Amino acid sequence: MSTTTTGPHILAYTYPASSHIIPLLDLTRQLLTRGLTVTVLVTPNYLTLLQPLLSIHPSSLHPLVLPAAQPQPSWNSRMDKDRAIRDLHYPLLINWFHSHPSPPVAIVSDFFLGWTHHLAKELGIPRVVFSPSGAFALSILYSLWRDVPKIDDDINFPKIPHSPIFPWRQITAHYTNGKEGEPNWEFSRSCILDDIASWGLIFNSFAELERVYVDHLRTELGHDRVWAVGPLLPLEDDVAGFNNRGGSSSVPCDQVMSWLDARPDNSIVYVCFGSRTSLNTKQIEVLASALEISGVQFILCVRNGSDEGRVDDDRGEIPDGFEDRVEEGVTAGKVMLTWPMGADQYTNAKLLVDQLGVGIRVAEDTENIPESIEMARLLVESVSVTRPERVRVKELSGAALGAIRGGSSDKDLDGFVKLLPRELNL
């Protein structure tokens with residue numbers, strides 16, 4: 001149901017990747033239902049993801065479609081793409097703002113788009129960082145690029161609660177593969193430092209999950225304009241939204257739900273490595289064999305088509321005949337088996353396994369892959385009612401739902417919406 005617009009007009013600037021766009025669109029829906037007008041900036045290939053929201057909020061949601069940066073032969077990393085996005089979009093946005101009869105009074109932009117801090121300063125409006133990741137992952141990222149630790153076997157983060165330590169190989173490649181003075185490395189660092197300098201921060205987590213890191217970020221940033229508003233989810237009764245969420249799928253959503261409904265509770269293993277990761281041949285072989293040996297019922301979500309996410313040519317394929325047992329879907333409140341591949345997955349694994357006690361460590365990237373029989377044993381244990389992780393994850397599942405049903409996350413989001421007019425003297 002559409003909501004009458006009474007609040008400020010903001011620009012939501014998504015990073016062009018589905019894992020970043022989807023949670024920011026979920027945040028956009030929450031802002032729209034609280035009476036804000038929102039212009040969402042997307043590139044043409046992601047415009048269809050806006051359609052479910054546009055059908056519900058036709059008068060208060062406005063798409064701003066800007067061209068995508070065209071890949072160049074000289075590009076060697078994501079940073080080349082991100083710099084091209086900045087160079088392309090910055091002047092277009094300046095012109096759009098100055099020509100708009102009622103331009104946005106604030107920018108909410110993805111944390112990969114740190115340069116929008118300077119855009120907001122030029123326009124004289126606040127910029128709010130949006131992170132699809134949680135507070136722990138963001139704490140590590142901020143500390144890494146601010147303090148610039150040198151190459152070592154292990155990297156210690158003593159200023160962060162619990163003083164986490166990570167092997168050098170688990171640190172983001174954007175940091176470890178470059179060095180100070182190189183354009184892409186310096187661009188990465190400047191974006192994070194601009195995030196730190198921005199007016200506010202919204203992230204996709206909830207206080208009951210990461211309270212110590214939420215408090216840490218407020219201390220490190222030197223202000224209280226830090227809002228934990230997750231978990232950001234689609235509406236439970238929004239069938240159309242579920243069916244269109246993230247783009248097309250090989251299996252329709254209603255078929256997945258019917259298949260799940262026909263199975264006993266706590267009997268399905270959901271296997272997914274994120275929207276940007278492809279497994280290599282050995283990883284696929286071990287995983288497929290372990291799933292077959294274990295006999296567990298499962299949903300396997302795999303990438304199709306593009307090799308984006310692999311750094312070499314070894315992209316594994318699902319074995320012939322294996323797809324007869326494959327479905328795709330979403331589950332929640334279940335024990336997590338961790339196999340981090342990169343980005344914030346290592347910090348998420350440490351949080352789930354070592355700190356929250358709701359995860360089981362299975363493997364790590366290509367460095368630590370168990371035998372199929374051992375992985376099969378862990379898969380069977382993950383659906384067992386006797387695992388101690390199951391009790392704790394049920395508690396966190398209840399806390400997560402409570403946070404977005406009038407609890408801490410709803411209150412944080414309400415606080416953000418109420419603060420904007422006061423900050424802007426509206």
Side-chain angles (χ1 to χ4, degrees), residues 13-17 19-21 23-24 43 68-72 74-90 93 107-121 127-152 155-157 159-160 164 166-199 201-204 217 220-221 274-277 308-311 340-348 365:
Y13 188 172
T14 65
Y15 184 78
S19 56
H20 290 245
I21 292 174
L24 186 50
T43 51
Q70 296 303 310
Q72 301 297 320
S74 59
W75 287 6
N76 295 313
S77 75
R78 196 202 82 214
M79 290 303 102
D80 291 304
K81 171 186 173 182
D82 290 0
R83 290 167 62 196
I85 291 173
R86 177 200 58 186
D87 295 345
L88 178 62
H89 285 184
Y90 197 114
L93 282 167
I107 297 173
V108 177
S109 57
D110 192 275
F111 76 110
F112 278 177
L113 304 170
W115 56 267
T116 56
H117 169 61
H118 298 283
L119 174 71
K121 286 180 66 177
R127 183 251 175 161
V128 180
V129 180
F130 172 73
S131 171
S133 302
F136 180 44
L138 209 59
S139 296
I140 295 293
L141 196 66
Y142 283 4
S143 178
L144 178 72
W145 288 101
R146 183 192 56 216
D147 299 336
V148 192
K150 303 303 181 184
I151 297 177
D152 202 345
I155 303 298
N156 186 15
F157 296 90
K159 297 177 183 178
I160 297 176
F166 290 88
W168 181 256
R169 62 181 173 80
Q170 294 183 1
I171 302 299
T172 173
H174 298 301
Y175 184 87
T176 58
N177 289 346
K179 58 184 178 181
E180 291 185 66
E182 293 179 348
N184 281 347
W185 194 96
E186 293 293 344
F187 179 78
S188 293
R189 185 171 190 235
S190 67
C191 278
I192 297 302
L193 295 181
D194 288 337
D195 284 346
I196 294 172
S198 292
W199 179 79
L201 167 65
I202 294 175
F203 55 90
N204 186 16
L217 284 170
E220 287 295 297
L221 296 176
S275 61
R276 298 176 63 82
T277 299
E308 183 182 7
R310 283 228 58 79
V311 296
M341 298 289 181
D344 59 353
Q345 293 179 2
Y346 290 111
T347 52
N348 292 342
D365 199 4

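Just so it is clear, the model here is predicted, and its values are computed rather than measured.
- Here the side chains of P149 and L144 are in contact, with some heavy-atom distance below 4.5 Å.
- Considering every non-hydrogen atom in both Y175 and W185, the closest pair reads O-NE1, 3.2 Å.
- The structure places CG of D80 at 6.5 Å from OG of S74, a figure rounded to the nearest 0.5 Å.
- Looking only at side-chain heavy atoms (C-beta outward), L113 and C191 stay at 4.5 Å or farther from each other.
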| said: Test side-chain contact (heavy atoms from CB on, under 4.5 Å) on H89 and Y13; report intermediate values, then the result. | reply: CA-CA 11 Å; H89 285 184; Y13 188 172; 2.5 Å; yes
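- Residue I171 holds its CD1 atom at 11.0 Å from CG of D152, rounded to the nearest 0.5 Å.
- Using a 4.5 Å heavy-atom cutoff, the side chains of W75 and K81 are in contact.
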| said: With salt bridge (charged side-chain N to carboxylate O under 4.0 Å, His left out) as the criterion, how do R146 and E220 come out once you've worked through the C-alpha distance, each side chain's angles and the decisive distance to 0.1 Å? | reply: CA-CA 11 Å; R146 183 192 56 216; E220 287 295 297; 2.8 Å; yes
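- A donor and an acceptor atom, one from each side chain of H118 and Y90, are nowhere located under 3.5 Å apart.
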| task | Apply the test side-chain contact (heavy atoms from CB on, under 4.5 Å) to residues T14 and D110: give CA-CA distance (whole Å), side-chain angles for both, the deciding distance (0.1 Å), then the verdict. | result | CA-CA 6 Å; T14 65; D110 192 275; over 6 Å; no
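- Here the shortest heavy-atom pairing between S77 and N184 reads OG-ND2, 3.4 Å.
- Contact record, S143 with F157: OG-CD2, 3.5 Å, taken as the closest heavy-atom pair.
- Look at K150 and E180 and you find a salt bridge, because one of the NZ, NE, NH1 or NH2 atoms lies within 4.0 Å of a carboxylate O, short of that distance.
- In this structure, D82 CG and S188 OG are separated by 7.5 Å, a value rounded to the nearest 0.5 Å.
- Residue P164 comes nearest to N156 through the heavy atom pair O-OD1, 3.3 Å, listed as atom of the first residue, atom of the second, then distance.
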| Working for side-chain contact (heavy atoms from CB on, under 4.5 Å), residues D147 and K159 | CA-CA 10 Å; D147 299 336; K159 297 177 183 178; 3.8 Å; yes
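- When all heavy atoms are compared, the tightest approach of I160 to S139 is CD1-O, 3.4 Å.
- Between L217 and F203 the shortest side-chain heavy-atom distance falls below 4.5 Å.
- Separating the CZ atom in R127 from the CD1 atom in I107 is a distance of 8.5 Å, to the nearest 0.5 Å.
- The minimum heavy-atom distance linking D195 with V129 is given by the pair O-CG2, 3.6 Å.
- R86 is linked by a side-chain contact (heavy atoms from CB on, under 4.5 Å) to R83, W115, F187, counting only residues two or more places apart in sequence or in another chain.
- One distance of note links NZ of K121 with CG of D194; it measures 8.5 Å at 0.5 Å rounding.
- Using cut-offs of 30° and 60° on the angle between ring planes, the pair Y15 and F112 is perpendicular.
- Inter-residue side-chain proximity for T176 and W168 is flagged as met; some heavy-atom pair is nearer than 4.5 Å.
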| field | Derivation of the side-chain contact (heavy atoms from CB on, under 4.5 Å) call for T347 and D344 | value | CA-CA 5 Å; T347 52; D344 59 353; 3.8 Å; yes
| task | Check the pair E186, K179 against salt bridge (charged side-chain N to carboxylate O under 4.0 Å, His left out), reporting the backbone distance first and the verdict last. | result | CA-CA 8 Å; E186 293 293 344; K179 58 184 178 181; over 6 Å; no
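- Using a 4.5 Å heavy-atom cutoff, the side chains of L201 and V128 are not in contact.
- By the 4.5 Å heavy-atom criterion applied to side chains, L138 and F111 are counted as neighbours.
- Classified by interplanar angle (parallel below 30°, tilted 30° to 60°, perpendicular above 60°), the ring pair F166/F136 is tilted.
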